[in-house]
Structure formats: C-alpha cells, structure tokens
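Position 1 is the first residue of the sequence; numbering continues from there. Keep in mind it's a predicted model, so treat the numbers as computed, not measured.
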Amino acid sequence: MHPLLRFTLDLFEPNQPLALIKSARAAIKNGATPLIEVVPESTPVSLLAQTHFRHPRASRELRLGDALVAYEFKRGQRRSIGFSVGPDGLAVRAPKWVALRDVDAALHAKAPWILRKLQETRERHARLAAHVIDWRDGATLPFLGQTITLKLDSQHRFGAAGADLVEEAVPNAQAMRQTLVISLAHSATPEQIRDVVQAWLMRQAKQLFQQRLAHFAPLLGVQWKKLSLSNAGTRWGSAKSDGSIRLNWRLVHFKISVLDYVVAHELAHLRVMNHSPRFWDTVRTVMPDYAALRQQLKDEATPRWD
C-alpha cells in the first residue's frame, strides 16, 4: 500500500488501486485539466454546480465534475491521508506534514468513487425517509424479507418477550398475514410500541445469528468465540482476530440469504483479515452468489428507528 494514502471505504468495499494517486499528480504536473479544482472563497456557489454535497462541518470546498463538494478537513497525528463518505458527506483526514496539493491529488485520484458514494448516500437517505414507521396498531415493517403487521392486544401475555409472531387471516380477504401481537393497550405511546418491537427483533436477531454462525463456521474452517449485537447506522458487521463477531440486529429486516451473506462475510475474516482477492475467494466457497447479495444489502432500504 502507498505509505501516503489510505482510503476509508464503506462496508464490504473491496480494496481499490492506490497507484492512481501517482498518475493523478503526474497529469496535473504536465498541465492536464484536473477533475478536482479547489474553489476560491469568493466564487459564488451558484456559478459552479447544480449538484451540491455539503458536510455539516465543511471547511473546504472543491469541484468534482459538475458537482460542488464541501467537505470536512482535519489534520492530526496520523501517518496517511484518509477520506470517507458517510451519512454527513465527505470527510478528509491528513497528517500535519502533508501538503494540500497532495490532498488534492488523492481526491483527484478517487473522484469517481467519491461522487458515486455521495450520490448513493443521498439516494439511500431518500429511501430511508420514505421508510419511517408509524408506531401504532396496524403499522407494518419488514422481517426476514416479509412484511409483518403490528397488532396491539393487552389481553395477551407473552412474559418477558412482550410480543409473539402469529399467522392470522386478513379480514374480508382469502389470505393470511404475519402479525406481531404486542401485549400493550391501544393507549400505548409510539415510543412504548417501538421499544417492545425492537426488543423482540433483537431477540430474534441473536437467535438467528447464533444459528447461522454455527452453520457457516465449520464450512469455513473457523471458530467464533463471542457474538455481540450492533446498533450501528451504516455498518452491518465486524470481526476480530480473537474470534469476536459483531452483527447489526437490523439485518433481520432482510431476507435470510442476505443475512447469511453478512454472517459468512464476517466469519471469512477470521481466515483473511482484509478484503483481498483471497478473502473474496473464501466468501465464494460458501456463498457463490455473494456479489448479488452484497448489492441487495446496499440497495434495499431498511426502516428508520428514530
């Protein structure tokens, strides 16, 4: 890896070629028109771009193609340049000794990736905004790729579980539906309903994760030691060399095949702790269609838990 540059990619992103930074700097030195141009403070934003991506803590602005990108820039005690695209936008970190021209060259080298990730993040947020759950009797949400309906019923008692998934007939229709019966009165607040449903989903997630870890670990020839549930906003899982696995409980919104992909992905890290070709070959041994499942994980929106 180039000693100057470290790219912070989003979940499960394979490594990208870092030699691009050298060609980018050479092209700029030879007089080529750079894809990225630092924007003078006096230049009106409206003259530069119709598409804007602005980090809430932005301290620098630049142009990438037809888009204006305002990003958070910080220097610190680090050995390399790093940048990431997250929910807030683009963030760039650099050592104190690195010149701004080197930062620009790094951004230039990965401009297509940055624009694609910024646009994907914007589209993902738009989809999430359309998936806000109205926490009430009759509300719906996805569970293992299927839609379940919430039903408040204070007459039912489910002990510590607080809820139970049953199949019941749809009124005035020859069909059945999956209903999560919740032991709360109809006067329950949205927050109370949300908390009971979340607790139930987390219990289901832990049981499912344990089952799928037990299934895939022998196939991959690894042993996991500890399972923890994660509530991260954008990261679906992680693994440590000591056998610790963290999985996001929100994965229960997806089909079981997508959940299996994430489980297999993290277990594969117990053999290969990077995203090299060898790692993806390892995943492929138990998940031949991992690329399609990985794309589903990116494309499908899950409910917001605000």
Side-chain angles (χ1 to χ4, degrees), residues 4-18 20-21 23-25 27-28 32-76 78 80-95 98-132 232-236 248 250 275 294-306:
L4 181 64
L5 181 61
R6 177 178 61 83
F7 294 120
T8 304
L9 305 182
D10 68 335
L11 182 65
F12 304 155
E13 184 76 2
N15 290 339
Q16 303 292 325
L18 303 186
L20 287 174
I21 185 173
S23 61
R25 293 181 64 179
I28 294 173
T33 301
L35 182 61
I36 293 179
E37 178 178 276
V38 177
V39 179
E41 294 183 0
S42 59
T43 305
V45 169
S46 60
L47 297 179
L48 294 176
Q50 296 299 317
T51 303
H52 311 297
F53 299 99
R54 178 169 293 277
H55 194 290
R57 296 179 296 279
S59 55
R60 297 196 76 204
E61 292 183 345
L62 50 82
R63 270 191 293 178
L64 290 80
D66 293 328
L68 176 67
V69 179
Y71 65 92
E72 181 186 41
F73 179 71
K74 288 185 177 180
R75 293 187 180 274
R78 52 181 299 130
S80 60
I81 299 172
F83 58 87
S84 61
V85 176
D88 288 334
L90 175 63
V92 180
R93 304 290 184 266
V98 173
L100 288 177
R101 67 175 181 274
D102 290 327
V103 175
D104 293 344
L107 293 169
H108 180 207
K110 291 297 295 183
W113 181 86
I114 293 171
L115 287 175
R116 176 165 58 88
K117 291 303 177 185
L118 286 170
Q119 186 60 34
E120 287 177 356
T121 300
R122 175 171 289 180
E123 292 173 356
R124 186 179 299 117
H125 281 200
R127 292 196 302 269
L128 289 175
H131 286 74
V132 178
T234 58
R235 190 175 181 87
W236 293 116
N248 195 317
R250 301 169 196 248
H275 287 120
R294 179 171 174 264
Q295 194 60 47
Q296 288 183 41
L297 189 67
K298 290 184 176 183
D299 292 343
E300 294 180 13
T302 56
R304 285 175 52 183
W305 286 78
D306 298 342

Measuring from atom [atom1] of [X] to atom [atom2] of [Y], what distance do you get when rounded to the nearest 0.5 angstrom?
X: Ser84; Y: Arg93; atom1: OG; atom2: CZ; answer: 6.5 Å
X: Thr121; Y: Arg116; atom1: OG1; atom2: CZ; answer: 10.5 Å
X: Lys117; Y: Lys110; atom1: NZ; atom2: NZ; answer: 9.5 Å

**Request:** Report the C-alpha distance between Val85 and Trp113 in whole Å, list the side-chain angles of each, state the deciding distance to 0.1 Å, and finish with yes or no for side chain to side chain contact (heavy atoms under 4.5 Å, CB included).
**Result:** CA-CA 10 Å; Val85 176; Trp113 181 86; 3.9 Å; yes
**Minimum heavy-atom distance between Ala67 and Leu115, given as atom pair plus value** =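 Heavy atoms of Ala67 and Leu115 come nearest at CB-CD2, 3.8 Å.
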**Asked** Can you name the nearest heavy-atom pair linking Pro95 to Ile81, along with the distance?
**Response**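 For Pro95 and Ile81, the tightest heavy-atom pair comes out as CD-N, 3.9 Å.
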**Item:** Leu107 side chain reached by Tyr71 side chain, heavy atoms, under 4.5 Å
**Value:** yes
**Item:** Sub-4.5 Å side-chain heavy-atom contact between Leu90 and Phe53
**Value:** no
**Item:** Under 3.5 Å: donor-acceptor pair, side chain of Asp88, backbone of His55
**Value:** no
**Message:** My understanding is that only residues two or more places apart in sequence, or in another chain, count here; which of them pass side chain to side chain contact (heavy atoms under 4.5 Å, CB included) with Gln295?
**Reply:** Lys298, Asp299
**Prompt:** Does Arg75 have any salt bridge (charged side-chain N to carboxylate O under 4.0 Å, His left out) partners at least two apart in sequence or in another chain, and if so, which?
**Reply:** none
**Message:** side chain to side chain contact (heavy atoms under 4.5 Å, CB included) for Phe73 and Leu100? Distances and angles first, verdict last.
**Reply:** CA-CA 11 Å; Phe73 179 71; Leu100 288 177; 3.9 Å; yes
